[in-house]
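Working notes for the structure below.
Side chains included, hydrogens not; waters and symmetry mates left out as well; all remaining heavy atoms used.
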Amino acid sequence: DVLGDTLGQIAAEKAGIKGATHNVRIGNLIVSAGGDMIVEVNSTPIKTMEEFNDMMDSLEVGSMITIKVIRDGRGRQLRARLEEMTRNGR
């Protein structure tokens with residue numbers, strides 16, 4: 001899934017994750033496009049946003065994680081330290 005606001009813009013930028021750059025219309029749906037697609041967290045495949053959220057919920061604040069993303073058709077590994085999110089995502 002393309003990263004939206006799930007990580008919070010500031011936290012995502014610190015991790016090197018690129019958020020969506022534009023919206024596209026597919027039929028009657030408008031979806032975000034152009035950002036990184038998260039495919040693994042700590043070597044665990046991620047196929048849905050629910051799986052991503054469950055994985056984030058299972059990890060401790062302050063732990064280091066490895067995130068594999070697809071950017072511009074190529075795989076890339078990113079390392080990040082999990083931070084606690086506040087209500088505004090910062």
Side-chain angles (χ1 to χ4, degrees):
D1 287 67
V2 173
L3 176 73
D5 291 331
T6 303
L7 291 179
Q9 184 177 3
I10 300 286
E13 288 173 4
K14 284 183 183 178
I17 296 171
K18 304 288 184 190
T21 58
H22 60 282
N23 293 325
V24 295
R25 181 182 295 275
I26 302 173
N28 289 330
L29 296 174
I30 296 177
V31 297
S32 298
D36 290 345
M37 183 180 343
I38 298 172
V39 294
E40 286 182 8
V41 175
N42 291 345
S43 300
T44 300
I46 301 294
K47 295 183 180 118
T48 67
M49 200 57 149
E50 182 178 2
E51 288 177 354
F52 175 78
N53 289 333
D54 288 346
M55 174 63 82
M56 293 296 101
D57 288 344
S58 73
L59 300 169
E60 295 287 327
V61 171
S63 61
M64 288 298 294
I65 61 170
T66 301
I67 301 169
K68 182 176 181 183
V69 300
I70 303 297
R71 179 182 298 163
D72 299 325
R74 295 182 150 176
R76 178 177 276 195
Q77 297 275 347
L78 306 171
R79 299 253 316 137
R81 184 171 306 281
L82 288 183
E83 296 180 359
E84 188 168 0
M85 274 183 54
T86 60
R87 286 183 177 215
N88 64 5
R90 296 177 188 250

| query | Roughly how far, to the nearest 0.5 Å, is CE of Met56 from CD1 of Ile38? | reply | 7.5 Å
| Atom pair CD1 (Ile46) and CG (Asn53), whose distance is rounded to the nearest 0.5 Å | 9.5 Å
| request: Sorted by first residue and then second, give each salt bridge (Lys or Arg N to Asp or Glu O under 4.0 Å) pair with at least one member in residues 49-59; sequence neighbours left out. | output: none
| said: Would you compute the distance between atom CD1 of Ile17 and atom CD1 of Ile67 and round it to the nearest 0.5 angstrom? | reply: 4.0 Å
| task | Kindly give the heavy-atom pair with the smallest separation between Glu40 and Ser43, and that separation in Å. | result | OE1-CA, 3.7 Å
| said: Hydrophobic cluster membership, with links at side-chain heavy-atom distances under 4.5 Å among I/L/V/M/F/W/Y: are Met49 and Leu78 in one? | reply: yes
| For Arg81, which residues count as a salt bridge (charged side-chain N to carboxylate O under 4.0 Å, His left out) partner, sequence neighbours excluded? | none
| request: Identify, with sequence neighbours excluded, every residue that meets side-chain contact (heavy atoms from CB on, under 4.5 Å) alongside Thr66. | output: Asn42, Gln77, Arg79
| What pairs meet the salt bridge (Lys or Arg N to Asp or Glu O under 4.0 Å) rule with one or both residues in residues 61-77, with sequence neighbours excluded? | Asp36-Arg71
| field | Smallest separation among heavy atoms of Gly75 and Ile70, with atom names | value | CA-CD1, 3.9 Å
| Single-linkage hydrophobic cluster, 4.5 Å side-chain cutoff, Val31 and Phe52 together | no
